[in-house]
Colleague: 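One structure follows; several queries about it will come next.
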Amino acid sequence: MVTAIQPIADPAPVTTTTRSRSPGTPHACAALLRRDLVLAWRRRGELFLPLLYAVIVTALFPFALGPDPQLLGRIAGGVLLVIVVLAMLPALESMFRADLEDGTLEQWLLAPQPLALLALTRVIAHWLTTVLPLLVVMPLLGALLNLSVKVLPVLMLALLLATPLLALLGAVLSALAAGARRSGILLALMLLPLAVPVVIFAAGAIAAAQSGMPYLAPLTWLAAALVMAIVLAPLACAAALRIAVEA
């Protein structure tokens with residue numbers, strides 16, 4: 001008995017409508033950045049803690065060292081730089097932990113967008129919510145420590161180069177420690193050796209500006225290190241996040 005061979009239907013072609021269901025990488029990164037900023041604003045009580053810490057510590061220095069304006073002005077740049085670095089540390093611990101616990105990182109791994117770009121977007125959101133408020137009040141903190149007005153632009157430029165670099169380095173370490181509980185001290189100990197060269201170059205630029213010497217060389221080194229970190233740190237962060245999810 002011969003049966004008729006039924007023709008095999010052609011698979012449905014992939015139309016542009018089907019492809020458009022997956023958002024593009026810029027759209028996904030913009031949506032992630034907007035989500036992080038909204039969540040940070042809803043937790044604005046935690047958002048202002050680094051700012052409050054920086055103001056309190058800066059206000060204590062004149063009481064501890066005495067009201068000598070020359071002494072305060074001489075150490076103001078280095079003190080403000082260290083205060084900003086220390087204020088960044090507590091927020092680094094929770095950069096990826098909540099996403100690992102609620103399964104968001106698994107969705108990141110399955111998403112068609114590059115994981116490195118999503119991690120870079122998270123670092124940008126972290127810098128905007130944690131560091132940018134500190135930079136806004138930096139002129140006020142500088143006035144509390146009698147920082148020279150001529151040195152303030154150099155301090156701001158050094159912080160604009162140093163703080164994103166530290167945030168990128170901290171993101172890699174935070175991704176490595178995402179699966180560990182109470183990793184704040186461990187994260188600080190791992191970040192400290194990496195932060196020392198950044199602090200040395202930034203403080204060197206500020207000290208050179210205070211003494212009237214050229215200060216562009218240390219800032220150039222910081223800019224070069226920041227460019228390298230923007231290229232390499234998201235890739236390392238993505239690899240660390242894959243390990244944290246699969247562990």
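Heads up: numbering here begins at 1 and tracks the sequence.
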Colleague: Do L176 and L232 sit in the same hydrophobic cluster, where Ile, Leu, Val, Met, Phe, Trp and Tyr count as joined when their side-chain heavy atoms come under 4.5 Å apart?
Modeller: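 No, L176 does not connect to L232 through the hydrophobic network.
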Colleague: So, the side chain of S211 versus the backbone of A208: is there a donor-acceptor pair under 3.5 Å, distance only?
Modeller: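 Yes; judged by distance alone, with no hydrogens or angles, the pair exists.
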Colleague: Partners of A195 by side chain to side chain contact (heavy atoms under 4.5 Å, CB included), sequence neighbours excluded?
Modeller: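 Residues passing side chain to side chain contact (heavy atoms under 4.5 Å, CB included) with A195: L166.
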Colleague: Taking all non-hydrogen atoms of both residues into account, name the closest pair between M95 and A167 and its distance.
Modeller: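 That would be CE-O, 4.5 Å.
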Colleague: Please answer whether the main-chain N or O of L216 pairs with a side-chain N or O of T220 as donor and acceptor at a distance below 3.5 Å.
Modeller: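 Indeed, once roles are kept as given, a pair shorter than 3.5 Å links the two residues.
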Colleague: Which atoms form the tightest heavy-atom contact between A87 and Y53, and what is the distance?
Modeller: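 Shortest heavy-atom contact: CB-CD2, 3.8 Å.
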Colleague: Grab the two heavy atoms, one from M88 and one from T130, that are nearest each other, plus how far apart they are.
Modeller: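 Smallest interatomic distance, heavy atoms only, reads CA-CG2, 4.4 Å.
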Colleague: To check you understand the geometry: which heavy-atom pair defines the closest contact between P218 and G204, and what is its length?
Modeller: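 In terms of heavy atoms, the two residues are closest at CG-C, 4.3 Å.
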Colleague: Using a 6.0 Å cut-off, check whether atom CH2 of W127 has over 12 heavy atoms from anything other than its own residue.
Modeller: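 Atom CH2 in W127 is packed in, count exceeds 12.
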Colleague: Nearest heavy-atom pair of G24 and Q113: which atoms, and what distance?
Modeller: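 Shortest heavy-atom contact: O-NE2, 4.0 Å.
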Colleague: Contact between R122 and L33 at the side-chain level, heavy atoms closer than 4.5 Å - yes or no?
Modeller: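 Heavy-atom side-chain distance check fails, nothing below 4.5 Å.
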Colleague: With a 3.5 Å cut-off and sequence neighbours excluded, list the donor-acceptor pairs that the side chains of residues 56-85 form with protein atoms.
Modeller:
from: T58; atom 1: OG1; to: A54; atom 2: O; distance (Å): 2.6
from: D68; atom 1: OD1; to: Q70; atom 2: N; distance (Å): 3.3

Colleague: Using modelled atom types only, decide if a donor and an acceptor are shared between the side chain of S174 and the backbone of L92 within a distance under 3.5 Å.
Modeller: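 Yes; judged by distance alone, with no hydrogens or angles, the pair exists.
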Colleague: Closest approach of T104 and D102, non-hydrogen atoms and distance?
Modeller: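 Taking T104 first and D102 second, the nearest heavy atoms are OG1-OD1, 2.7 Å.
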